Student: 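First, the structure itself, so that you have it in front of you.
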Amino acid sequence: MKMQVEVLKSKIHRVSVTQANLNYVGSITIDEALMEAAGMIEGEKVQVLDIDNGERLETYIIKGARDSGCICLNGAAARKVQVGDLVIIVSYALMDFEDAKLFKPSIVFPDSRTNRIVR
């Protein structure tokens, strides 16, 4: 029997929350350029780690406008963050143990003031 292990797949490190929309259905809206750079897709489950208040929550991604810098927590998650909070957004993948030893996650370090990728 092959063992499976859950590992870090991708991370967007230290982006600023630009909006919190309590009355939306739920999820996190992320700038499409950030999603692409991190190898994340719409509908993917992510964990959001709030650096400012220590909150950790799970939700799924909605694609935001490319190059908008949008990081918007929607629905119940909007109660867990404040606009301006710095967050880390991470996703994980389940893979074969031996494959996981060789896997390299995609990690993006955008400008935390603009949420845009520094090239």
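The structure displayed is predicted, hence computed values, not measured ones. For this chain, numbers begin at 1 and follow the sequence in order.
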Student: Could you tell me whether Glu98 and Lys2 make a salt bridge, using a distance below 4.0 angstrom between a side-chain N and a carboxylate O?
Tutor: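 The answer is no: the pair does not qualify as a salt bridge.
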
Student: Could you check whether any side-chain heavy atom of Ile12 comes within less than 4.5 Å of a side-chain heavy atom of Ile71, counting everything from C-beta outward?
Tutor: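 The answer is no, as the side chains (C-beta and beyond) never meet within the 4.5 Å cut-off.
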
Student: If every non-hydrogen atom of Arg113 is compared with every non-hydrogen atom of Asp111, which pair is closest and at what distance?
Tutor: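 That closest heavy-atom pairing would be N-OD1, 2.7 Å.
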
Student: Same cluster or not: are Leu49 and Leu8 linked, directly or through other Ile, Leu, Val, Met, Phe, Trp or Tyr residues, by side-chain heavy atoms under 4.5 angstrom apart?
Tutor: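 Same hydrophobic cluster.
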
Student: More than 12 non-hydrogen atoms from neighbouring residues, nucleotides or ligands closer than 6.0 Å to OH on Tyr60, yes or no?
Tutor: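 More than 12 within 6.0 Å, yes.
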
Student: At their closest point, which heavy atom of Ala100 faces which heavy atom of Val5, and how far apart are they?
Tutor: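 Here Ala100 and Val5 meet closest at CB-CG1, 3.5 Å.
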
Student: Looking at every heavy atom in both Ser112 and Leu86, which two are closest together, and how far apart are they?
Tutor: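 Ser112 and Leu86 have their closest heavy atoms at CB-CD2, 3.7 Å.
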
Student: Are any non-hydrogen side-chain atoms of Val81 and Glu55 less than 4.5 angstrom apart?
Tutor: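 No, their side chains stay 4.5 Å or more apart.
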
Student: Is there side-chain contact between Val17 and Gln82, with at least one heavy-atom pair below 4.5 Å?
Tutor: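 They are not in contact (no side-chain heavy atoms under 4.5 Å apart), so the answer is no.
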
Student: Run Asp50 and Lys80 through side-chain contact (heavy atoms from CB on, under 4.5 Å) and show every step you take.
Tutor: CA-CA 8 Å; Asp50 191 313; Lys80 303 279 189 177; over 6 Å; no

Student: Are Tyr24 and Leu22 grouped together when hydrophobic residues (ILVMFWY) are joined by side-chain heavy atoms under 4.5 angstrom apart?
Tutor: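 Different clusters: Tyr24 never reaches Leu22 through Ile, Leu, Val, Met, Phe, Trp or Tyr contacts under 4.5 Å.
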
Student: Run the side-chain contact (heavy atoms from CB on, under 4.5 Å) check on Asp96 and Gln4 step by step: do they pass?
Tutor: CA-CA 5 Å; Asp96 177 75; Gln4 298 278 297; 4.0 Å; yes

Student: Would one find more than 12 heavy atoms of other residues, nucleotides or ligands at under 6.0 Å from atom CZ of Arg79?
Tutor: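 Atom CZ in Arg79 is not crowded, with 12 or fewer foreign heavy atoms closer than 6.0 Å.
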
Student: Report yes if some heavy atom in the side chain of Ile88 is under 4.5 Å from a heavy atom in the side chain of Ile51; otherwise report no.
Tutor: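 Sidechains of Ile51 and Ile88: in contact.
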
Student: Looking at residues at least two apart in the chain, or sitting in another chain, which of them share a side-chain contact (heavy atoms from CB on, under 4.5 Å) with Asn23?
Tutor: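 Once residues adjacent in sequence are excluded, the partners of Asn23 under the side-chain contact (heavy atoms from CB on, under 4.5 Å) criterion are Asn21.
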
Student: Are side-chain heavy atoms of Ile62 and Glu42 found at a separation under 4.5 Å?
Tutor: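 Contact flag for Ile62/Glu42 side chains = yes.
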
Student: Would you say Asn115's side chain and Ser16's backbone share a donor-acceptor pair under 3.5 angstrom?
Tutor: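 Yes; judged by distance alone, with no hydrogens or angles, the pair exists.
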
Student: Output the distance between atom NZ (Lys45) and atom OG1 (Thr59), rounded to the nearest 0.5 Å.
Tutor: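 Separation between the atoms: 10.5 Å.
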
Student: Got a sec: does the CD of Gln47 have more than 12 other heavy atoms crowding it under 6.0 Å?
Tutor: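 More than 12 within 6.0 Å, yes.
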
Student: Write down the atom of Lys9, the atom of Ala38, and the distance for their closest heavy-atom approach.
Tutor: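 Heavy-atom minimum between the residues: NZ-O, 4.5 Å.
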
Student: Please say yes or no: joined through hydrophobic side-chain contacts below 4.5 Å, possibly via intermediate residues, are Leu94 and Val90 part of one cluster?
Tutor: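 No, separate clusters.
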
Student: Are Phe103 and Tyr92 in one and the same hydrophobic cluster, where Ile, Leu, Val, Met, Phe, Trp and Tyr link if side-chain heavy atoms are under 4.5 Å apart?
Tutor: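 No, Phe103 and Tyr92 fall in different hydrophobic clusters.
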
Student: Hey, does Leu34 have a side-chain heavy atom less than 4.5 Å from the side chain of Ile117?
Tutor: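 Yes. Closest side-chain heavy atoms under 4.5 Å.
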
Student: Considering non-hydrogen atoms only, spot the tightest contact between Met35 and Lys63 and give its length.
Tutor: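 Nearest heavy atoms, Met35 then Lys63: SD-CA, 3.7 Å.
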
Student: Could you report the tightest heavy-atom contact between Pro110 and Val15, atom names first, then the distance?
Tutor: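 Scanning both residues completely, I find the closest heavy atoms to be CG-CG1, 3.2 Å.
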
Student: At what distance, to the nearest 0.5 angstrom, does CG of Leu73 lie from OG1 of Thr18?
Tutor: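 It is 9.0 Å, given to the nearest 0.5 Å.
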
Student: Using modelled atom types and a 3.5 Å cut-off, is there a donor and acceptor pairing between side-chain atoms of Arg116 and backbone atoms of Asp67?
Tutor: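 A pair under 3.5 Å: yes.
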
Student: Find out whether Ile28 and Val46 are in side-chain contact, i.e. whether some heavy atom of one side chain is under 4.5 Å from a heavy atom of the other.
Tutor: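 The answer is yes, as the side chains (C-beta and beyond) meet within the 4.5 Å cut-off.
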
Student: How long is the straight-line distance from CD1 of Ile41 back to CD1 of Ile30, given to the nearest 0.5 Å?
Tutor: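 Here the rounded value is 11.5 Å.
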
